[in-house]
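Basis for what follows: all heavy atoms, side chains included, without hydrogens, waters or symmetry-related copies. Each ligand, and each atom within it, is numbered from 1 in the order the structure gives.
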Amino acid sequence: MTDVLTLGEALIAFRSLGRLSLAAPVSVSAAGAEMNVAIGLARLGHQVSWVGRVGEDPAGDLALRTLRAESVDTRFATRDGVAPTGVMLVDQPQALSPVVTYHRRDSAGSRLTFADVEPAWQTAPRVLHVTGITPALSDSAREAVSLAIRRARDVGAIVTLDVNYRAKLWSRTEARAALAPLALDADVVIASEDELDLVGDGDSEASQIAYLLDARPSEVVIKRGRRGATHYSPAGAISQPALPVVEVNSIGAGDAFTAGYISGMLDDLPAGQRLSRAAACGALAVTGQGDWEQAPTRADLARVGTASEAAR
Ligand code: KDG
């Protein structure tokens with residue numbers, strides 16, 4: 001039995017230390033929102049299976065080696081003999097925000113189908129985690145996510161959805177059309193403040209939250225960056241301030257936050273403690289380079305001193 005099943009695209013990421021256009025030195029690692037969450041959960045001791053397609057190329061080797069090294073189950077990942085592993089360039093001019101460029105059209109990851117995901121259900125996951133990135137990749141990837149949610153319903157797995165809107169992949173109108181139905185079918189919806197209108201209806205945060213809670217979702221978690229996070233459920237709202245840390249790189253912080261939140265669900269923590277674990281994971285993730293590299297272990301969390309971790 002696995003705790004969490006997730007599906008998505010793993011990319012090879014090239015990150016510059018300075019301007020790419022000036023041939024700044026580049027570091028290489030694997031990336032992808034769902035793999036970041038998978039690694040975040042595995043670091044916290046949970047069993048996680050990641051499903052996706054990578055090319056039969058060194059970038060695909062890197063993605064699978066990375067996942068395996070982080071104790072994520074890749075038995076159900078597929079090697080695609082036709083298409084290459086997608087590429088992400090992160091241009092990091094000093095003192096300016098990073099700029100991401102994708103080279104992932106028709107990549108191996110975009111060729112994901114529900115048939116690829118099918119064998120992984122034998123792991124009997126407690127949670128299915130999906131994001132709004134995979135449905136943006138192709139019709140077959142969108143269908144894979146949608147059918148995976150339906151299958152999760154059938155087998156009684158909890159569905160967590162992180163909206164994760166990526167403007168470079170599709171318009172807000174396209175995203176809303178695809179993601180709103182998925183959100184209505186999820187149990188837990190996680191979104192940044194500026195993503196809520198993609199899945200909720202109404203002209204205020206309160207009405208968008210109410211719209212979601214009137215449907216299937218029983219929890220909506222809003223990420224507010226340096227202003228913390230809020231958990232909404234029919235029982236009311238709980239707020240959590242962000243931990244004060246020195247930010248080096250914020251890419252992947254949302255995924256670490258989500259991993260912390262799902263980890264708290266798996267440990268049956270009450271909502272406030274789920275949120276504080278999520279906030280601690282998100283805060284630690286921004287303290288160094290890389291999408292997943294700074295994701296904390298339980299020992300790290302205990303050192304940060306969140307009550308829920310120290311008590312465990
Ligand atoms: O959340 C981090 C992701 O954005 C990054 O790892 C790459 O999956 C990715 C994407 O599509 O942006």
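The nearest non-hydrogen atom to atom 11 (O) of ligand 1, considering only M88, R104, E9, comes from R104.
Nearest heavy atom pair, residue A33 against residue D255, reads CA-OD2, 3.5 Å. In terms of heavy-atom proximity, F257 sits nearest to A278 at O-CB, 3.2 Å.
Counting heavy atoms under 4.0 Å from ligand 1, residue N36 touches it through the side chain alone.
Contact annotation: G32 has at least one heavy atom less than 4.0 Å from an atom of ligand 1.
Considering backbone and side-chain N/O of N164, none are found under 3.5 Å from N/O of ligand 1. Between A33 and ligand 1, an N or O atom pair is found at a separation short of 3.5 Å.
Summary of contacts: the protein heavy atom closest to atom 6 (O) of ligand 1 is D291 OD2, 2.3 Å. Closest to atom 4 (O) of ligand 1 among all protein heavy atoms lies R166 NH2, 2.9 Å. For atom 2 (C) of ligand 1, the closest non-hydrogen atom of the protein is D255 OD2, 3.2 Å. If you check which protein heavy atom lies closest to atom 10 (C) of ligand 1, you get Y102 OH, 3.1 Å.
At most 12 non-hydrogen atoms from other residues, nucleotides or ligands lie less than 6.0 angstrom from CG of D203.
Side chains of H103 and F14 form no contact here, defined as non-hydrogen atoms less than 4.5 Å apart.
Residue A31 has at least one heavy-atom neighbour below 4.0 Å for each of these atoms of ligand 1: 6 (O).
A distance-only check finds no donor-acceptor pair linking the side chain of T230 to the backbone of S239 [under 3.5 Å].
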